[in-house]
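Down below is the structure, laid out as C-alpha cells.
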Amino acid sequence: MSQKVVIIGGVAGGAGAAARLRRLDEEAEIILFERDEYISFANCGLPYYIGEVIKKRDNLLVQTPKSMRERFRIDVRVNSEVTGILREEKSVEVLDRKTGKTYKETYDKLILAPGAAPFRPPIPGLDDARVFSLRNIPDTDTIKGFVDEHKPDKAVVVGAGYIGLEMAENLHVRGVDVTVVELADRVLPGLDFEMSALIYKHLLKKEVGVVTGNGVKAILPGEDAVMVELADGRQIEADLVILGLGVKPETKLAAEAGLKLGVTGGIAVDEHLRTSDPDIYALGDAIEVKNFVSGEPALIPLAGPANKQGRMVADIICGRDQSYNATQGTAILKVFDMSVAVTGLNEEALRRAGLDYRKSIIHTASHATYYPGASTLSIKLLFAPADGKLLGAQVVGVDGVDKTMDVLAVAMRAGLTVHDLEELELSYAPPFSSAKSPVNVAGYVAANILKGDCDVFYWEDIAAMDKEESILLDVRSSFEFKKLGTIEGALNIPIDKLRDNIDELPKDKDIYLFCQVGLRAYLACRILNQKGYRTKNLSGGYKTFKAANEVNAGK
C-alpha cells in the first residue's frame, strides 16, 4: 500500500527528502508545502548575488516547482503556509497565501523542515525600511534592489558571523563603505581569539571597519540616513543596515502541536530524526542535534547536515535502517582573498563541556616554498591530553584551507589522533603541498607536546609571567629582533649562535623561547633541554602573539 508523505518546508532538507523519497518509492504520494515562492535555492549563494559575483539570479534556483513536478512527480505547493498540525487526525491546516483560503491535508508521515529565521533582537529602530535581514530569495531581491537603486555610500553590518562577514565583503565589492559591529570580543565568535585576530587584521587591510566588544543600542532614523547608536554611545551613520546576528530555529508550529522541544529550543528528535510523535520527523536548522565532540545537545544550522538528514529521513520512512549520530560543525568561510574553516569545538566550548584539552598552533606554507605562489597556512589543533584524539581544529589562510580542513574533519569523524596525523599519506607535488603536508606538520607539533619533546606556552600566558623566575628568549635573527619588533623584556640570542652562548643562560630559571612561527624556538628547546635547561616554546610564535595583541590594543 502506497503511503502519503507531507513535507513542510523546502530548501536543502525538505526538497532533498522529497527527491530521495521518490527515488525510493515510485508509488508514494508526496506533497511539499512552502510558504514562499521558492522551494529549493542556494542559501549560501545569496550574499554573492547581492555582490554581483553571481551574475544570474536563476543560478540560485536549484529546483523549481515545475522541475520537481516533472522529474519527481511531487505535488509542490508554493505560497502555502502550514498553520497547524492536527496530530490526532493526522492532518495539517494550510493557508493558501494567494487566495486567503484555508484547507486541510492528511498525511501518513509528516516531515518538518521549517529551517531557522534570522535573529532580530528588541532594538529600537529595526522596523526602519533601511534595515534588512537575509534569509531567502525575496530578502535577497529586496536588498539587491535597494543597493541597485539607491547606491548607498555607507553600511553597517550588525554581527560578525558568517552571514555578516559575507555581506560585508559583498557590499564592499559594490563600492559601499562598510563597518561591522560585533558584541563579542572578536569577529567570527566561533573561533578562538588568536585565530580570529588574523581575520580581523585582514578585514582592516581590506578597509572594512570593525568594532568588537560593542552592541547596538538603537537605530535612529533620519531623512537621508540612519544613525546606528552603539552601547558605548558612539554613533555610526549608515545608508543601510544589515542584521547578521545568527538564526533561531523555527519551532512555533511544532510547539503548538505539542511536540517536544529540546533544551536548546530546537525540535527534539531521536537518532532516527523522529519527533515525540512517531509519525512526525524533523530535520535541518530547526532541530536539536548531538554535538559530535561533547555529546551535548546543540543547534548547528549548516547546509551539509540538513542535506544528509533529508536523505536519511526518506530512507527511514521507506524502511531502511539509518540513524543520525551527531554533527561536528565543519564549516568554511571566504573573507575576501582569505578563507577560514572550523570543525569540532573551540576552547570556550571545550571548557564549557568540562573536557580537558591541549592545543597547538602552527604557521606553515600552503605548498612547497620554492614553487611560486606559496602562502601562509595557520592551523590550530585542540586535542585530548590522554590520547591525542582530535577535539577541534581551526584553519586560516589564502590557499589550501579547504583541503586541510577536510582532512582534519574526516580524521576527527574517524576518531583519529594527532599521532595518526603524523602518519597520514597525502598527495604531494610542489604546486599543491609539501612532502611534509601541513596536516602532517600539525600532527608532528601536537604529538611533540604529548610526547614531552617540547613543552609550550601561549600568547595569553605572557602577561602573567614571573620575570624574576624566568627568562623570555627571542631566538630570531638580530635583524628581526631589532627591526621587526619583539616581546617586551625579551633577550635575543639567535638560534645559530645559541650553542656558543649557552653559558649566558642560568639553569635555575625557566626559559620561555619564541621565534616567528615556532620552528626555530622548537630547535632551541631541543638544544637546551638536552643540556639540562627547563624550556617552553611559544605556540604559534611571535606571529600569533603580535596578531592577538594588536587586535586587543586596537579594540
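Worth saying up front: this structure is predicted, and the values here are computed from it rather than measured.
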So, does [X] use its side chain to make a donor-acceptor pair with the main chain of [Y] at under 3.5 Å?
X	Y	result
Arg186	Ser196	no
Arg135	Ala116	yes
Glu182	Ala184	yes
Arg311	Arg20	no
Thr64	Ser67	yes
Lys90	Asp108	yes
Ser366	Ser375	yes
Asn346	Gly190	yes
Gln235	Met227	no
Glu288	Val263	yes

If you count every heavy atom of other residues, nucleotides or ligands that lies below 6.0 Å from [X] atom [atom1], does the total exceed 12?
X	atom1	result
Lys334	NZ	yes
Arg73	CZ	yes
Phe432	CZ	no
Lys217	NZ	no
Glu89	CD	yes
Lys206	NZ	yes
Glu348	CD	no

Mind listing the closest non-hydrogen atom pair of [X] and [Y] along with its distance?
X	Y	answer
Glu250	Ile267	O-CD1, 4.4 Å
Pro47	Glu166	CG-OE1, 3.6 Å
Leu253	Val82	CD1-O, 3.6 Å
Asp270	His272	OD1-N, 2.8 Å
Val178	His172	CG2-N, 3.9 Å
Pro121	Leu126	O-CD1, 3.0 Å

side-chain contact (heavy atoms from CB on, under 4.5 Å) assessment of Val340 paired with Val401: CA-CA 7 Å; Val340 53; Val401 172; 5.9 Å; no

Trace of the side-chain contact (heavy atoms from CB on, under 4.5 Å) decision for Tyr38 with Val78: CA-CA 7 Å; Tyr38 305 93; Val78 295; over 6 Å; no

Interatomic distance, [X] atom [atom1] to [Y] atom [atom2] [nearest 0.5 angstrom]:
X	Y	atom1	atom2	value
Ile50	Asp141	CD1	CG	9.0 Å
Leu391	Leu382	CG	CG	7.0 Å
Glu347	Gln394	CD	CD	8.0 Å
Leu165	Leu188	CG	CG	4.5 Å
Leu240	Asp153	CG	CG	10.5 Å
Leu273	Ile280	CG	CD1	14.0 Å

Derivation of the salt bridge (Lys or Arg N to Asp or Glu O under 4.0 Å) call for Lys4 and Glu105: CA-CA 10 Å; Lys4 182 177 181 181; Glu105 192 68 58; 2.5 Å; yes

Report yes if some heavy atom in the side chain of [X] is under 4.5 Å from a heavy atom in the side chain of [Y]; otherwise report no.
X	Y	answer
Leu134	Pro118	no
Asp127	Val131	no
Lys380	Leu191	no
Leu421	Leu408	yes
Val208	Phe336	yes
Ile137	Leu46	yes
Arg274	Tyr281	yes
Pro438	Ser433	yes

Verdict with supporting geometry, Asp96 and Arg77, salt bridge (Lys or Arg N to Asp or Glu O under 4.0 Å): CA-CA 9 Å; Asp96 186 323; Arg77 304 181 193 176; over 6 Å; no

Worked check of side-chain contact (heavy atoms from CB on, under 4.5 Å) between Ile163 and Val247: CA-CA 10 Å; Ile163 289 293; Val247 296; over 6 Å; no

With Ser80 via side chain to side chain donor-acceptor pair (under 3.5 Å) - residues at least two apart: none

Trace of the side-chain contact (heavy atoms from CB on, under 4.5 Å) decision for His202 with Asp337: CA-CA 9 Å; His202 191 62; Asp337 49 359; 2.7 Å; yes

Criterion side-chain contact (heavy atoms from CB on, under 4.5 Å) against Arg87, the qualifying member of Val92, Asp279, Asp277: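 Among Val92, Asp279, Asp277, the one meeting side-chain contact (heavy atoms from CB on, under 4.5 Å) with Arg87 is Asp277.
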
Passing option when Tyr107 is tested against Ile7, Val5, Ile31, Val6 for side-chain contact (heavy atoms from CB on, under 4.5 Å):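 Going through Ile7, Val5, Ile31, Val6 one by one, the side-chain contact (heavy atoms from CB on, under 4.5 Å) with Tyr107 is satisfied by Val6 alone.
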
Intermediate values then yes/no, salt bridge (Lys or Arg N to Asp or Glu O under 4.0 Å), Glu70 and Lys66: CA-CA 6 Å; Glu70 291 178 349; Lys66 183 174 183 290; 2.7 Å; yes

Distance under 6.0 Å and angle within 45° of ring axis: Lys144 vs Tyr49: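 Pair Lys144/Tyr49 counts as cation-pi.
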
Verdict with supporting geometry, Lys56 and Asp58, salt bridge (Lys or Arg N to Asp or Glu O under 4.0 Å): CA-CA 5 Å; Lys56 295 182 179 180; Asp58 286 351; over 6 Å; no

SB check Asp239 Lys151 (cutoff 4.0 Å):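 Judged by the 4.0 Å cut-off on N to carboxylate O distance, Asp239 and Lys151 do not form a salt bridge.
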
